[in-house]
Amino acid sequence: MKLAQKVYSLINKIPKGKITTYKELGKRLKTKAYRAIGQALKKNPNAPQVPCHRVVCSDGKVGGYQGKKNNSKKIGLLKKEGIIVEKGKIKDFEKKLYRF
DNA sequence: CGCTTGACACCGT
DNA sequence: AACGGTGCCAAGC
């Protein structure tokens, strides 16, 4: 089981309307490979299966998943789930954060 | 086996 | 507060 696989599983456990950070994921996995987690999501062999958009930076930013682009359509989807994203930053980030 | 990359985190300026 | 540089770890070549 690669670290990435574990990451996918964790993300899969995130309830709807909640988000998490790379750091929290790492802690839960007993690893500090925050970057490796990003690698896994970036490759994301199972895109629709894993809600990678629910994983954000520790400072409440969406990261580079697509927040820098204008086509933030998925961000709109997040809004629908109750997660507000303004210019790549999560609104009420601490409240929506899921700490496993 | 070692070097490079990356959707991060942390600290300093 | 914002920007930049540095450190960490796993995966791929």
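Lettering follows sequence order; numbering is per chain, from 1. Quantities reported herein were computed from a predicted structural model and do not represent experimental measurements.
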Q. Per the side-chain contact (heavy atoms from CB on, under 4.5 Å) rule, which among V56(A), D59(A), V55(A) passes with T21(A)?
A. V56(A)
Atom pairs under 3.5 Å: protein N/O with N/O of nucleotides 10-13 of chain C:
unit_1	atom_1	unit_2	atom_2	d
dA11(C)	OP1	L3(A)	N	3.2
dA11(C)	O3'	K43(A)	NZ	3.4

**Q.** 5'-most by nearest nucleotide on DNA chain B - I37(A) or D59(A)
**A.** I37(A)
Q) Could you give the CG-to-P distance, from L41(A) to dA9(B), as a whole number of Å? A) 12 Å
Q | Gap between atom OH of Y8(A) and atom NZ of K13(A) - 0.5 Å precision | A | 14.0 Å
Q | E81(A)/R54(A) under side-chain contact (heavy atoms from CB on, under 4.5 Å): CA gap, chis, key distance, verdict | A | CA-CA 10 Å; E81(A) 296 189 3; R54(A) 284 184 191 153; 2.9 Å; yes
Q) Among all residues two or more places apart in sequence or in another chain, which pass the side chain to side chain donor-acceptor pair (under 3.5 Å) test with Q49(A)? A) none
Q. What are the two closest non-hydrogen atoms of K96(A) and K18(A), and how far apart are they?
A. O-CD, 3.1 Å
**Q.** Neighbour count >12 (heavy atoms, 6.0 Å) for atom NZ, K61(A)
**A.** no
Q: Evaluate side-chain contact (heavy atoms from CB on, under 4.5 Å) for I83(A) paired with F93(A), printing each intermediate quantity in order.
A: CA-CA 8 Å; I83(A) 303 186; F93(A) 160 67; over 6 Å; no
(Q) Just to be sure I understand the geometry, which residues of residues 92-100 of chain A put a non-hydrogen atom under 4.0 Å away from DNA chain B? (A) none
Q: Grab the NZ-P distance between K27(A) and dA9(B) for me, whole Å please.
A: 12 Å
Q: Please work out if K23(A) contacts a base, only the sugar-phosphate, or nothing of the nucleic acid, heavy-atom cut-off 4.0 Å.
A: sugar-phosphate
Q: Take the protein atom NZ of K61(A) and the nucleotide atom C1' of dA2(C), then report the distance between them rounded to whole Å.
A: 9 Å
Q.
I'd like to check Y34(A) versus L25(A) (side-chain heavy atoms, cut-off strictly below 4.5 Å). Are they in contact?
A. no
Q: Can you tell me the distance, in whole Å, between the OH atom of Y8(A) and the P atom of dA7(B)?
A: 13 Å
Q. Y22(A) OH to dC10(B) P: how many Å, rounded?
A. 14 Å
